[in-house]
Amino acid sequence: LPTTKEGCDKQRMKRMEANDPVAMYREGREQYEKGDYSSAFEYYTKAAELGDAAAHYNLSVLYDEGLGVEKDKGKEVHHLEEAAIGGHPIARYNL
């Protein structure tokens, strides 16, 4: 396992190239924390397409708050439903 931030970043990039949804989600989270909501949206979308429930939940938040995307209640609910179906507990509660 990598022990440095650079090593972790390199490992995540390698996993993203292999279409790992967890790596895509984590990159989205990193971008979100930096305030780059458009990039976060892109990575969350890729992870969601690969079946990541947490990515669906975070997409619902972006659509709800209009961060990096235009506010859209329909898409917010769609992603909440997908997250809930995937077992995400907060999405289930919010529905």
Trainee: If you round to the nearest 0.5 Å, how far is NZ of Lys14 from CD of Glu17?
Mentor: 9.0 Å
Trainee: Within the distance-only criterion (no hydrogens, no angle test), does the side chain of Arg92 pair as donor or acceptor with the backbone N or O of Ala84 below 3.5 angstrom?
Mentor: yes
Trainee: Is atom CD of Glu70 surrounded by more than 12 heavy atoms (other residues, nucleotides or ligands) closer than 6.0 Å?
Mentor: no
Trainee: Would you kindly confirm whether Leu59 and Leu95 end up in one hydrophobic cluster when ILVMFWY residues are joined by side chain heavy atoms under 4.5 Å apart?
Mentor: no
Trainee: Got a list of side-chain donor-acceptor pairs under 3.5 Å for residues 45-53, not counting sequence neighbours?
Mentor:
| from | atom 1 | to | atom 2 | distance (Å) |
| --- | --- | --- | --- | --- |
| Thr45 | OG1 | Phe41 | O | 2.7 |
| Asp52 | OD1 | Ala54 | N | 3.1 |
| Asp52 | OD1 | Ala55 | N | 2.8 |

Trainee: Tell me whether Tyr37 shares a hydrophobic cluster with Val69, the cluster being built from Ile, Leu, Val, Met, Phe, Trp, Tyr side chains joined at under 4.5 Å.
Mentor: yes
Trainee: Roughly how far apart are Ser60 OG and His78 NE2, rounded to 0.5 Å?
Mentor: 10.5 Å
Trainee: Is there a path of hydrophobic side-chain contacts, each under 4.5 Å between heavy atoms, that joins Leu80 and Ile85?
Mentor: no
Trainee: Is there a path of hydrophobic side-chain contacts, each under 4.5 Å between heavy atoms, that joins Tyr44 and Leu67?
Mentor: yes
Trainee: Could you walk me through whether Tyr43 and Tyr25 satisfy the ring-ring contact (aromatic ring centres under 6.0 Å, His included) test, starting with their C-alpha distance in whole Å, then the side-chain angles of each, then the deciding distance to 0.1 Å, before giving a yes or no?
Mentor: CA-CA 6 Å; Tyr43 287 108; Tyr25 170 82; over 10 Å; no
Trainee: Would you mind reporting whether Gln31 and Lys34 have side-chain heavy atoms less than 4.5 Å apart?
Mentor: yes
Trainee: To the nearest 0.5 Å, what is the distance between OG (Ser39) and CD (Glu27)?
Mentor: 8.5 Å
